[in-house]
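Step one of this worksheet: look at the structure below.
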Amino acid sequence: MLGVLRSICSGRTRTVWFRRVREYSEQATQTKYPKRIFSGIQPTGRVHLGNYFGAIERWVELQDSGEEVLCSIVDLHSITLPQDPKILRENTLLMTATLVACGVNYKRSILFQQSKVPMHTELCWVLGSITTMARLAHLPQFKEKSESLKNVPLGLYIYPVLQAADILLYKATNVPVGQDQAQHIQLAQDLAHVFNSKFGHTFPIPRTLVSDGPRQRIKSLRDPTRKMSKSHTDPKSRVDILDEPDVLLDKVKKAVTDFTSEITYEPEKRPGVANLIDIHSLFTGKTPEEICKEAAGLNTGQYKLLLADVMIEKLSPIREDILRLLKEPGYLDEVLKGGTERATELAADCWAEVTDKVFGSDTIRSARRMMNTANVT
């Protein structure tokens with residue numbers, strides 16, 4: 001076989017072969033990829049204000065500005081820690097209903113379930129073969145989550161590689177993330193560079209869309225030095241989108257502030273009050289200065305009641321839509337099915353290109369094609 005290839009590639013044919021390869025490389029490095037935005041969210045429980053403002057609202061803004069957006073419910077990521085299959089299924093439908101109710105338009109954006117597109121895990125294996133254990137061990141999320149575990153699942157360790165595969169599979173050019181996820185996107189960038197260098201230009205280098213405004217600074221209502229989080233043991237530390245009005249009111253009333261009654265925006269000195277003002281600002285679009293001016297004469301207790309009214313007014317329609325959609329699981333399945341079909345089309349094109357480069361194309365067919373090209377020229 002090698003002898004056949006040597007004879008085929010000798011002389012003029014070999015010259016044509018190398019010229020074609022050189023031309024391809026030059027064209028590939030100049031490839032301009034269409035702007036495509038990818039982001040994912042785990043189906044692990046209810047969405048809280050930090051998720052809503054830090055991620056979902058941004059997706060909707062990008063979608064409404066005409067960008068091509070892929071929103072993935074990343075259930076493969078969620079099973080890095082133990083999950084009850086029935087609850088995971090329920091949470092997947094809940095997340096779908098939540099995203100739609102919050103404004104993700106499944107006809108304009110691609111809303112899909114990660115596990116239904118098998119190329120995610122296939123590309124993860126390829127990318128895992130070109131990265132190192134040392135590189136993964138330095139990533140902050142693994143260190144943070146593994147500290148509390150006696151037996152660390154392998155999935156938790158290679159989680160960032162799957163995250164890179166999620167992004168690169170769709171040749172995403174931009175990824176909206178919080179500052180705490182920036183290092184994981186750097187891994188995706190590194191792996192794109194390594195793959196392109198090793199196998200030929202295939203992936204764009206994804207860029208982060210990092211937001212450092214108030215939407216990324218929503219803090220716990222019980223500990224304003226920490227971010228609002230699902231994992232916090234105290235449910236009063238967060239406001240969930242599905243909270244009933246009386247529950248929401250109770251949480252806001254019990255939010256930690258301080259012993260000064262005046263409403264002022266001083267994040268360093270008064271983080272609890274500043275957090276409430278940031279939330280107020282995100283719901284209304286008003287600046288902290290405007291809010292403080294309007295709240296002049298109110299004490300913190302009175303201001304909390306005012307803020308709770310604003311939050312209830314804004315969140316109630318979303319909550320009602322979510323509950324209505326949850327009564328139609330068949331409809332939600334159809335939404336995911338349609339999105340998965342569209343995502344699969346994009347993923348299949350990329351995966352075919354990857355397998356051709358990593359595992360080789362049909363050698364005989366390629367050699368014959370090169371011979372025909374040489375004879376024509």
Item to check | Full working for salt bridge (Lys or Arg N to Asp or Glu O under 4.0 Å) between Arg108 and Asp64 | outcome: CA-CA 9 Å; Arg108 294 169 61 186; Asp64 292 346; 3.5 Å; yes
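For Glu61, the side-chain hydrogen bond (donor to acceptor under 3.5 Å, both in side chains) partners are Arg215, not counting sequence neighbours. Applying the salt bridge (charged side-chain N to carboxylate O under 4.0 Å, His left out) rule to Arg222 yields the partners Asp234; only residues at least two apart in sequence or on another chain are considered. Applying the side-chain hydrogen bond (donor to acceptor under 3.5 Å, both in side chains) rule to Lys236 yields no partners; only residues at least two apart in sequence or on another chain are considered.
Not less than 6.0 angstrom separates the ring centroid of Phe359 from the ring centroid of Phe199. Residues His280 and Tyr303 bring their aromatic ring centres within 6.0 Å. Ring centers of Phe53 and His48: at least 6.0 Å apart, outside the cut-off.
Of the options Asp333, Asp75, Asp84, a salt bridge (Lys or Arg N to Asp or Glu O under 4.0 Å) to Arg89 is made by Asp333 and by none of the others.
For residues 272-282, the set of pairs meeting the salt bridge (charged side-chain N to carboxylate O under 4.0 Å, His left out) definition, not counting sequence neighbours, is empty.
Cluster membership for Leu307 and Val273, using ILVMFWY side-chain heavy atoms within less than 4.5 angstrom, is shared. Under the 4.5 Å side-chain heavy-atom criterion for Ile, Leu, Val, Met, Phe, Trp and Tyr, Leu336 and Val117 are members of distinct hydrophobic clusters.
Counting only distance, with no hydrogens or angles, the side chain of Arg36 and the backbone of Tyr170 share a donor-acceptor pair below 3.5 Å.
With side-chain heavy atoms closer than 4.5 Å counting as contact, directly or through intermediates, the hydrophobic cluster containing Leu209 also holds Ile37, Leu62, Val69. Summarising the hydrophobic clusters (Ile, Leu, Val, Met, Phe, Trp, Tyr; side-chain heavy atoms under 4.5 Å, direct or chained), the residues clustered with Phe259 are none.
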